[in-house]
Amino acid sequence: MNGSSVANTPPSVKSKEDQGLNGHDEKENPFAEYMWMENEEDFNRQVEEELQEQDFLDRCFQEMLDEEDKDWFIPARDLPQAMGQLQQQLNGLSVSDGHDSEDILSKSNLNPDAKEFIPGVKY
């Protein structure tokens with residue numbers, strides 16, 4: 001090979017020494033992968049804004065959950081202790097099986113022959 005054959009190679013074909021590891025020209029910009037550092041303040045500001053926004057959303061969501069908890073009626077939390085005792089007493093009550101119904105009827109002051117009450121109807 002003489003010097004004329006090297007000069008005749010097209011300029012678009014470059015040797016492997018001229019290319020970087022990722023196939024880009026090192027002559028173009030050897031620090032291309034570090035160019036984000038040029039705008040480091042903008043990057044930091046953007047990240048801080050995203051973090052603040054996420055924190056704000058978390059606080060709003062927690063506040064919404066707290067308000068929802070206040071709206072729900074939870075007997076163990078919302079009823080006073082005396083109400084809890086009343087609830088236990090009510091749970092202990094039962095409906096009779098009908099043996100005492102004759103006793104109740106004999107003591108009643110109601111008229112068994114009276115007409116059925118219908119609201120809005122005058123007799």
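Just so you know, residue 1 is the first one in the sequence shown, and it goes up from there.
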- Message: Just verifying a value: how many Å separate Asn39 CG and Gln46 CD, rounded to the nearest 0.5 Å?
- Response: 10.5 Å
- Message: If hydrophobic clusters are built from ILVMFWY residues whose side chains come within less than 4.5 Å, do Leu51 and Phe43 share one?
- Response: yes
- Interatomic distance, Gln52 atom CD to Glu48 atom CD [nearest 0.5 angstrom]: 6.5 Å
- Measuring from Glu50:CD to Asp55:CG, what's the distance to the nearest 0.5 Å? 13.5 Å
- Do NZ/NE/NH1/NH2 and the carboxylate oxygens of Glu49 and Arg45 come within less than 4.0 Å? yes
- Report yes or no: do Gln62 and Asp66 form a side-chain donor-acceptor pair below 3.5 Å? yes
